[in-house]
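Here is the structure we will look at, set down as structure tokens.
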Amino acid sequence: MRGIQLSLNQTQKLRLQRALEQLESLSSKANSNASVTIADTIPVNYEDGVLKGHGTSELDGEVVATMCGVVERVNKLVYVRALRARYKPEIGDIIVGRVIEVAPKRWRLEINFSQDAVLMLSSMNLPDGIQRRRTAVDELNMRSIFEENDVICAEVRGFQHDGSLHLQARSQKYGKLERGQLLTVPPYLVKRRKQHFHNLEQYGIDLILGCNGFIWVGEHIEAKDPMVEDQVNKSEQQNTKSSKNFTRLEEQEQTYTPPETRQNICRTANAVRVLSTLGFNITVEVITETVELSSSLNLDIHEMLGSEFCVLVAEREAERRRLLTKKKG
Amino acid sequence: MEYVSPEGLRLDGRRPMEMRQIRAEIGAVAKADGSAVFEMGNTKVIAAVYGPREVQNRSQQLSDQALVRCEYSMANFSTGDRMRRPKGDRRSTEISLVIRQTMEACILTHLMPRSQIDIFLQVLQADGGTRSACINAATLALADAGIPMRDLVTSCSAGYLNSTPLLDLNYVEDSAGGPDVTVGILPKLDKVTLLQMDAKLPMDIFENVMQLAMEGCKAVANYIREVLLENTKTLEYRRGV
């Protein structure tokens, strides 16, 4: 068993154990014995015909698992969903990555996949928002858009014929992420959903749950349409005679994050950390609940990583799932 | 020296066909993609797997399969007398190579082209059979990292001392100078992927010894399977729906 590395006292140990046992009993009702390990035979009904999916292979006419995970069946398809594996991209996934190299016409991104992803200069919107062919000048100015070690949010475009993974960032919501924290969790904890960008208004922060297990917690930034903004700016310039001092102050304001927001970012980040050490599914609802729990208990941000809060979150999660199953049943 | 007493007990009190106690734990290294600790009696090995990830040295990249690398090292404090161990001495390079070949045989490398898998093995306590313990730890760590494999590889050693075949030699028995047969098998496919012996043995006795080692491998495989299943179930129920 993957041990939770925390120093718990006797009562906390018991409480955690009880909460985890409760979780186990809840899930065992839902799916029984679907877990397999490497080289386990997967029982299938051969009369209906079988399509072998990921994580399976054939041996002496039997379907055998090649990974540890959970067997999933969709009509004829039988596959093994691996748990602790690296990220497996699917087209349209929203991911967060870190630039590791600026190459000719492209950026290379680390996204927790078996290869580095490629973001072509041509598959992203230029900052000025104009649609045109990328010139050599644009190529020379690539570092003004993203530099090495920048954190970027993008979408999976697909695999190129040479097997490399390409990304795209053709919207205002994608692009460089600043003033926040990047957290890495195992990708199996993040579920694919309709919405991966979240704006937690009450805290003034943005939360991006990348499908690759990279989670961004940062200050909220209004997504602006550059065309509209330009028009506004132009009209403003005509109206006001802005002095240099004024613009500098404005710039400073733009790059300044108020302490409350910083605290909220840290609090949310710690909530994600606690959830990932416990191995719970990470969704906005659970994150906000955890943040609320911590602030309702008047805990300091650093106390959130302590053993007591960890046990509390586990108990809370057990209770939440119990209620959910009750509602269903 | 007498390695098996007239009552049929070995130096550490085991029967000739008895294994040492084995213990495995998954998830020992936080930052690794997969990791495990494997103990066989006093032998203790920690394994960490990184990858599949981008190939570090572009010239080594293989366009149709993954590159598997393995590094074996012994901690300074692992043996009875503490000594500085230079990295990359003959013994550890040889063991790294052996383990790499054994693991490569079972990983489905063609599923992860243009990537690299690193296996790091560190011996924390050496009491004979480090090679076997390393292979078992590496299997667990690879399984934890979610890397597709044909089958689990498990390994165990056996020897022949005082005209008795002995299973799972410890350090004292190992240094007696008798034959030491290390076997690695794929339990489901029932195939041998590793067989090492640096001594001479008559054919009929060798067969007995090897059979014994293979029984040991199967026992290890059963245990490893239990541990992996337990780990998978834990991860699944914690995650919930």
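Worth saying up front: this structure is predicted, and the values here are computed from it rather than measured. No hydrogens, no waters, no symmetry mates; every other heavy atom, side chains included, goes into these values. Below, read A as the first sequence line, B as the second, and so on, with proteins coming before strands; counting in each chain starts at 1.
Interface residue A:Ile38: backbone and side-chain heavy atoms are both found under 4.5 Å from chain B. Proximity to chain B (any heavy atom under 4.5 Å) is shown, for A:Asp60, by neither the backbone nor the side chain. Proximity to chain B (any heavy atom under 4.5 Å) is shown, for A:Tyr188, by both the backbone and the side chain. With a 4.5 angstrom heavy-atom cutoff, B:Met112 does not touch chain A via any of its atoms. Heavy atoms of B:Leu108 lying under 4.5 Å from chain A belong exclusively to its side chain.
Inspection of the B:Asn170 and B:Asn42 side chains reveals no N or O donor paired with an N or O acceptor under 3.5 Å. For the residue pair B:Arg85/B:Thr79, the side-chain donor-acceptor check at 3.5 Å is satisfied. Judged purely by distance below 3.5 Å, without hydrogens or angles, the side chains of B:Arg225 and B:Asn222 never pair a donor atom with an acceptor atom.
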Problem set entry | Step-by-step side chain to side chain contact (heavy atoms under 4.5 Å, CB included) determination, B:Lys44 to B:Phe38 | CA-CA 6 Å; B:Lys44 187 173 185 178; B:Phe38 193 86; over 6 Å; no
Exercise. How far apart are the C-alpha atoms of B:Asn136 and B:Ile224, what are their side-chain angles, what is the distance that settles it, and do they pass the side chain to side chain contact (heavy atoms under 4.5 Å, CB included) test?
Worked result: CA-CA 8 Å; B:Asn136 295 331; B:Ile224 283 186; 4.1 Å; yes
Problem set entry | Derivation of the side chain to side chain contact (heavy atoms under 4.5 Å, CB included) call for B:Met103 and B:Ile99 | CA-CA 6 Å; B:Met103 301 325 289; B:Ile99 296 172; 4.0 Å; yes
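Each of B:Ile135, B:Leu186, B:Ile185 was evaluated against B:Thr154; a single residue qualifies, B:Ile185, per the side chain to side chain contact (heavy atoms under 4.5 Å, CB included) test.
Taking a cutoff of 4.0 Å between a charged side-chain nitrogen and a carboxylate oxygen, A:Glu319 and A:Arg321 do not qualify as a salt bridge. A salt bridge links A:Glu317 to A:Arg320: one of the charged nitrogens lies within less than 4.0 Å of a carboxylate oxygen.
A:Thr290 and A:Val313 get closest at one heavy-atom pair: CG2-CG2, 3.8 Å.
Within residues 46-67 of chain B, the residues having any heavy atom less than 4.5 Å from a heavy atom of chain A are, in residue-number order, B:Gly51, B:Pro52, B:Arg53, B:Glu54, B:Arg58. Scanning residues 113-129 of chain B against chain A with a 4.5 Å non-hydrogen threshold yields B:Pro113, B:Arg114, B:Ser115, sorted by number.
In terms of the ring-ring contact (aromatic ring centres under 6.0 Å, His included) criterion, residue partners of A:Phe146 (sequence neighbours excluded) are, by chain and number, A:Trp107. For B:Ser96, the side chain to side chain contact (heavy atoms under 4.5 Å, CB included) partners two or more places apart in sequence, or in a different chain, are B:Tyr72.
Annotation: maximal heavy-atom pairing with chain B below 4.5 Å, among A:Met67, A:His54, A:Arg86, occurs at A:Arg86.
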